[in-house]
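We name chains A, B, ... by the order of the sequence lines, and we start the count at 1 in each one.
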Amino acid sequence: MKHYKRYLVTAALPYANGPLHIGHLAGAYLSSDIYVRFQRLMNKDIVFICGSDEHGAAITIKALKEGKSPQEIVDTYHAQFKDTFSRIGVSFDMYHRTSEPLHHTTSQEFFTTLYNKGEFEEKESEQYYDEEAQQFLADRYITGTCPKCGHPDAYGDQCENCGTALSPTELIDPVSKLSGKTPVLRRTVHWYLPLDKYESWLKTWVETGDLEGEHLHNPEDWKNHVLGQCKSWLDGGLQPRAMTRDLDWGVDVPHQIPGHEGKKLYVWMDAPIGYISATKQWAADNKKNWKKYWQDKDTALIHFIGKDNIVFHCLIFPAILRAHGDYILPMNVPANQFMNLEGNKISTSRNWAVWVHEYLDEIPGREDELRYVMIKNMPELKDSEFTWKGYQEAINTELVNNLANFVNRVITLTNKYYNGKVPAFDEDTQFIGPDGPMDETFHDSETVRLYDDIDVLSQYIRDFDFRGGLKTLMEISTKGNQILQFNEPWKTIKEDPETVKAVINICLQYVAAITVISRPFMPFMSDKLRAMLNMKPFAEKGEWLKMMDDLSEGKVLIKKNHQIGEPLHLFTRIEDQVIDNQIQKLASAKNSNPQPEIVSKTERIPVKELITFEDFAKIDIRTATIIHAERIEKADKLLKLTLDLGFEQRTVVSGIAEQYKPEDVIGKKVSLIANLAPRKMRGVESQGMILMAENDQGQLSFVSPGQDWQNGQIVK
RNA sequence: CGCGGGAUGGAGCAGUUGGUAGCUCGUCGGGCUCAUAACCCGAAGGCCGUAGGUUCGAGUCCUACUCCCGCUACCA
């Protein structure tokens, strides 16, 4: 493996339109914090960068809803993020924000460089514009009728009913979510990054790690799902992607560029460059050279993100960096999957979440407990699950019973037998090792064993396997308990005090080691234990490395006759009441907010604008009977129906297969829009559309004439 | 639809180049009492999603299918 002179670690910039929940922690912030703290303890030159992502339409809209300015919204969340991260012990060297002038100039300079190099393609397109709100509309802010399934509430990018990917211009009767009015098409010019031109080197770089004869990373070190996601995109072919938007809240397109008016940088020209501006700010504050961290080939750049950001960090941002030319590419992008909560997906809008700031307020002093449970269940390779019962069990059985209890036993015994002074011992004293009575051992061989175990733990962290690392930490604690248990010093203290000295001493070495090796995972506990041992607090500057050196040279970590303090409980049990309260809270969140999406949807859909009788008369609705129905192959939601109109038969494709089986609908009387222009769906031409009523839950009901009604009659 | 990831004892997970299926928690039995009724030892419990195939031999490789999660480019 290549030796790097320095590390630059980024954690995904949280978007400033809602508080942080445990999914954020599990996704990117704890994993990055563990890695960074470990590397600091290994005396590496490492910088840990993050900041608030504060631009985009979602923030404008939230501001409008709450009657505030966008700046007020992002100020609130930025302050909250900073505070929450600090309280849970995420140790950023710099927590910046994209609304800072430094960031605006940095991203504009970046854009200008690409512009001057001629990397962009300028293209004109037609986009929907809301005349009342006086702005162009992001796809998500346009709804209309899905051209494929007829669902009346499809978004501009996708119909959630039939799952079809759409472009806003395909929608029938588009409506702006901002004003409720019909948007108009306007010509607009944007600058596109020609990803198609970079596809070839991106593919080679991702899949082999090679770029222009240099081996930059080892794909085997990348997580499977990260590579898979990239390959999937690469195989599908990359398309040019617009790097600017018609927005009013964001970084301006540099003013010296003709046609910049009203244009802002697209989030992927904005947010990831936030990593760079944050590094600049850190360098300025600490008298360092930021370029070393972004432009020197001996720097390892590592992006910690959630899986939703994979392609942007593995393909688009690297493309941007290389198009600029001066920058290095990421050495690894250890993306985590998602953490579910009590069996359901975490959802901000449905309030199905454990909010980190609320946790800190409601269960104070238990930062490391949350960290422990998050790390234990970290979704490193697949989705995982957080439950309050699991939280309680992990803390009570693992942290309290195993780890805290081991420490407590050792410190209590040391105080009881040796007045709190680390006992001197004879190196030739034999005692029983952690493998049981047959495992006869000596102090120095146990030191070696400890060294080996810690070495394994280090490797887990380097490999981004933090669960494995945490497990190894607990195994070391278990071995400590085993040494005590097999040697039973409370029994042998009278007849064999020499052996007890060696046993207690090695256990104290274990405890001293635990102050170091627990530090990346549980920094608060590490501090507490350090104080209990009366050892000097950590600066996180090479302490782990020094420990490994000491152990390998046969030196002890805590010297004989060192005076330790009184035992305190490192962790205490979580009572049922605490857990019940939290479960109760989740339950009430669910009840008070049963289906907010749907409630707001009903409110959101105003009655459409007035039409004249002549307009209505254009629609020819006829009664008909379904005489044949079959599923369409490889389509979940579509049924191919044959309708009898009396005077003719028609084929109609309808998106009702999820609620109706073919045999259920045969014989059904329906109303058909008979003069709707035909449209092909999955290769079958649909000659009309059946009228369906839909309720808030998305259930469907036929709008039908009476069962004995004739076919082909006019509905008006 | 397409693509990516996943499915292993009650729960949560490991399983390297194919060679007797492991760990943590829980359950049951035992030991111990320094310790926060903790700790230590032992036991029970699995057709490794389904169906085929390759092989002397498959959790591991191949094919098809089922279910879960995600992505699908303008939500950020």
How far, in whole Å, is [M] from [N] if one measures between their [atom1] atoms?
N	M	atom1	value
B:G10	B:G42	P	23 Å
B:C69	B:G15	P	24 Å
B:C68	B:G30	P	45 Å
B:C28	B:A44	C1'	7 Å
B:C61	B:U16	C1'	15 Å
B:U60	B:G6	P	13 Å
B:C41	B:G59	P	30 Å
B:A21	B:C25	P	23 Å

Using atom [atom1] of [X] as one end and atom [atom2] of [N] as the other, report the distance to the nearest whole Å.
X	N	atom1	atom2	answer
A:N340	B:A11	CG	C1'	15 Å
A:I346	B:G70	CD1	C1'	15 Å
A:N309	B:C75	CG	P	13 Å
A:Q127	B:A73	CD	P	14 Å
A:F431	B:C40	CZ	P	17 Å
A:Y198	B:A73	OH	C1'	16 Å
A:R245	B:A73	CZ	P	12 Å
A:I305	B:A76	CD1	P	17 Å

Just checking, any donor-acceptor pair under 3.5 angstrom between side chains of A:T188 and A:R245?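 Per modelled atom types, A:T188 and A:R245 side chains form no pair under 3.5 Å.
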
Checklist entry - Under 3.5 Å, is there a donor-acceptor pair linking the side chains of A:H190 and A:T244? => result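 The answer is yes; a qualifying pair exists.
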
For A:I574, is there any backbone N or O sitting under 3.5 Å from a side-chain donor or acceptor partner on A:Q392?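 Checked: pair present.
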
message = Strictly distance-based, threshold 3.5 Å: is any side-chain N or O of A:N487 a donor or acceptor partner for the main-chain N or O of A:I432?
response =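 Confirmed, A:N487 side chain pairs with A:I432 backbone.
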
Which pairs, protein N/O on one side and nucleotides 12-17 of chain B N/O on the other, fall under 3.5 Å?
{"residue": "B:A14", "atom": "OP2", "partner": "A:K382", "partner atom": "NZ", "Å": "3.2"}

So A:Q482, base contact, sugar-phosphate only, or nothing? Heavy-atom distance under 4.0 Å.
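It contacts sugar-phosphate atoms only.
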
task: Determine the contact category for A:L195: base if any of its heavy atoms lies under 4.0 Å from a base atom, sugar-phosphate if only primed atoms, P, OP1 or OP2 are that close, otherwise nothing.
output: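 Nothing, no heavy atom under 4.0 Å.
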
Partner residues of A:Y192 under the ring-ring contact (aromatic ring centres under 6.0 Å, His included) criterion, sequence neighbours left out: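 Expected list: none.
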
Can you name the residues that form a ring-ring contact (aromatic ring centres under 6.0 Å, His included) with A:F386, not counting sequence neighbours?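 With sequence neighbours excluded, A:F386 shows a ring-ring contact (aromatic ring centres under 6.0 Å, His included) to A:W388, given in chain and number order.
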
ask   = If we only count heavy atoms from C-beta on, is the A:L13 to A:T98 side-chain gap below 4.5 Å?
value =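 Contact flag for A:L13/A:T98 side chains = yes.
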
In B/S/- notation (B base, S sugar-phosphate only, - none; protein heavy atoms under 4.0 Å), nucleotides 33-38 of chain B written 5' to 3' is SBBB-S

* For A:Y417, does the OH atom sit with more than 12 other heavy atoms under 6.0 Å from it, leaving out its own atoms? ->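 Counting other residues, nucleotides and ligands, OH of A:Y417 exceeds 12 neighbours.
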
Could I get the full list of salt bridge (Lys or Arg N to Asp or Glu O under 4.0 Å) partners for A:R97, not counting sequence neighbours?
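For A:R97 the salt bridge (Lys or Arg N to Asp or Glu O under 4.0 Å) partners, ignoring immediate neighbours, are A:E54, A:D75.
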
task = Hey, which sits more toward the 5' end of RNA chain B by its nearest nucleotide, A:I316 or A:K479?
result =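 Residue closer to the 5' terminus by nearest nucleotide: A:K479.
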
(request) Take A:Q485 and A:R409 through the test side chain to side chain donor-acceptor pair (under 3.5 Å) and record every step on the way to the result. (result) CA-CA 11 Å; A:Q485 201 61 38; A:R409 295 171 89 183; 2.9 Å; yes

(request) With rounding to the nearest 0.5 Å, note down the distance linking CZ in A:F521 to CE in A:M474. (result)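 With rounding to 0.5 Å, CZ (A:F521) is 11.0 Å from CE (A:M474).
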
For this session: Show the numbers, then the answer: is there a salt bridge (Lys or Arg N to Asp or Glu O under 4.0 Å) between A:K62 and A:E66?
Result: CA-CA 6 Å; A:K62 193 177 178 78; A:E66 298 186 9; 3.5 Å; yes

*Carboxylate-amine/guanidinium contact A:E199 A:K203, below 4.0 Å*: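 Result for this pair is no, no salt bridge flagged.
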
Given Watson-Crick and G-U pairs under 3.5 Å, RNA chain B in dot-bracket ([ ] crossing, | other strand) is .((((((..((((.....[..)))).(((((.......))))).....(((((..]....))))))))))).....

Notebook entry, point to check: Counting side-chain heavy atoms from CB outward, which of B:A76, B:C40, B:A73 is closest to A:V267?
Noted result: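 My answer, after comparing the listed nucleotides, is B:A76.
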
